[in-house]
Amino acid sequence: MIRLANGDLLVMLRTGSASPMFQARSTDGGKTWSEPQQVMDHGVAPYMCLMQNGVLVCSYGRPNSGIMFSYDGTGHEWEDAQDLYRAEGSHYTTVFEIEPNLLMYFYDQSSFCLYETSPGPLNEVRVAYLRVEPAETAH
């Protein structure tokens, strides 16, 4: 769950191991919530970060480790969903802004969900750095 710039609360909802991911919104501090709306056809362990430049970021997992962006910071529209890691791992992710416009994206390479090949040693926490442009200059 995250508080948006306009004060709304936005929550991402996991429904199962590789099943749809939903979101719901509260405009009254959590007293009432909107009906959940499907955001993606998959996704577990979603984690959101509202960047200083206004971009809302959501990392998620399974079947791969991915990320998507709401450039206007509202979560009404999610764009540029992409996988950042596609091999063995739990696909639980976390993302933080470590300086303006720079994200630190954490994922693991582990035997949690074994696939056919491994790009390297298992049981590691890995980090990717992503530079994200402010909403007015995105795309």
Side-chain angles (χ1 to χ4, degrees):
M1 182 181 343
I2 195 163
R3 184 174 302 279
L4 303 176
N6 69 356
D8 287 0
L9 293 175
L10 185 67
V11 64
M12 286 288 181
L13 307 166
R14 166 190 173 171
T15 59
S17 181
S19 52
M21 187 167 59
F22 292 81
Q23 72 179 20
R25 180 180 310 270
S26 175
T27 59
D28 59 9
K31 294 177 186 169
T32 62
W33 290 88
S34 67
E35 192 70 28
Q37 297 178 328
Q38 185 173 334
V39 177
M40 297 192 76
D41 63 354
H42 67 280
V44 300
Y47 191 90
M48 290 183 285
C49 171
L50 182 59
M51 299 179 68
Q52 293 176 39
N53 63 22
V55 177
L56 179 61
V57 180
C58 181
S59 69
Y60 55 90
R62 274 193 228 125
N64 302 309
S65 298
I67 194 166
M68 62 184 174
F69 305 89
S70 173
Y71 291 105
D72 68 3
T74 66
H76 288 293
E77 291 186 33
W78 292 98
E79 302 177 62
D80 298 332
Q82 54 197 288
D83 292 338
L84 298 181
Y85 176 71
R86 295 181 180 158
E88 289 88 353
S90 69
H91 300 289
Y92 296 135
T93 63
T94 303
V95 63
F96 295 101
E97 184 175 28
I98 58 171
E99 64 181 52
N101 303 330
L102 185 62
L103 293 176
M104 194 173 197
Y105 179 93
F106 293 87
Y107 63 98
D108 70 290
Q109 186 174 11
S110 70
S111 60
F112 186 87
C113 293
L114 281 177
Y115 299 114
E116 294 178 14
T117 61
S118 173
L122 295 178
N123 301 318
E124 294 182 347
V125 173
R126 296 194 164 198
V127 174
Y129 295 92
L130 305 162
R131 192 150 301 274
V132 178
E133 295 295 320
E136 57 272 3
T137 61
H139 305 289

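Cluster annotation: Val57 and Tyr85 are assigned to the same hydrophobic cluster (Ile/Leu/Val/Met/Phe/Trp/Tyr, side-chain heavy-atom contacts under 4.5 Å, transitive). Leu4 and Met1 are not part of a single hydrophobic cluster, where members link through side-chain heavy atoms under 4.5 Å apart.
Judged by distance alone, with hydrogens and angles left aside, the side-chain atoms of Gln23 form a donor-acceptor pair with the main-chain N or O of Gly75 at under 3.5 Å. Without hydrogens or angle criteria, Asn101 side chain to Asn53 main chain gives no donor-acceptor distance under 3.5 Å.
Applying the ring-ring contact (aromatic ring centres under 6.0 Å, His included) test to Tyr47 and every residue at least two apart in sequence or in another chain returns Phe96. By the side-chain hydrogen bond (donor to acceptor under 3.5 Å, both in side chains) test, Thr27 is found to be paired with no residue, residues two or more places apart in sequence or in another chain being considered. Every residue two or more places apart in sequence or in another chain that forms a side-chain hydrogen bond (donor to acceptor under 3.5 Å, both in side chains) with Asp83 is listed here: Asn64, Arg86. Scanning for salt bridge (Lys or Arg N to Asp or Glu O under 4.0 Å) contacts around Glu99 gives Arg131, with sequence neighbours left out. Not a single ring-ring contact (aromatic ring centres under 6.0 Å, His included) links Phe106 to another residue, sequence neighbours left out. Under the rule for a side-chain hydrogen bond (donor to acceptor under 3.5 Å, both in side chains), the partners of Asn6 that lie at least two apart in sequence or sit in another chain are Asp8. Listed by chain and residue number, Glu97, Pro100 satisfy the side chain to side chain contact (heavy atoms under 4.5 Å, CB included) test with Gln52 (two or more places apart in sequence, or in another chain).
The structure places CZ of Phe69 at 10.5 Å from SG of Cys58, a figure rounded to the nearest 0.5 Å. Annotation: the span from Met48 atom CE to Tyr60 atom OH amounts to 13.5 Å, rounded to 0.5 Å. Here the OG-CE distance, from Ser70 to Met51, works out to 12.5 Å after rounding to the nearest 0.5 Å. One finds the CE atom of Met68 at 4.0 Å from the CE atom of Met12 (value rounded to the nearest 0.5 Å). Annotation: the span from Tyr71 atom OH to Glu77 atom CD amounts to 12.0 Å, rounded to 0.5 Å. Of the inter-residue distances, the one linking His76 atom NE2 with Arg25 atom CZ reads 3.5 Å to the nearest 0.5 angstrom.
Using a 4.5 Å cut-off on side-chain heavy atoms (C-beta onward), Trp78 and Met40 make no contact. With contacts defined as side-chain heavy-atom distances shorter than 4.5 Å, the pair Leu84/Thr93 does not qualify. Using a 4.5 Å cut-off on side-chain heavy atoms (C-beta onward), Val95 and Leu130 make no contact. Side-chain contact between Trp33 and Val11 is present, with heavy atoms from C-beta onward closer than 4.5 Å. With a 4.5 Å cut-off on side-chain heavy atoms, Leu56 and Leu10 count as touching.
When the shell of 6.0 Å around CD of Gln82 is examined, it contains more than 12 heavy atoms from other residues, nucleotides or ligands.
Aromatic ring orientation, Tyr105 versus Tyr107: tilted (interplanar angle from 30° to 60°).
In plain terms, the two heavy atoms of Gln38 and Phe22 that are nearest each other are N-CD2, 3.3 Å. Taking all atoms of both residues into account, the shortest heavy-atom contact from Leu50 to Ile2 is N-CD1, 3.4 Å. Contact record, Leu9 with Gly30: CD1-N, 3.7 Å, taken as the closest heavy-atom pair.
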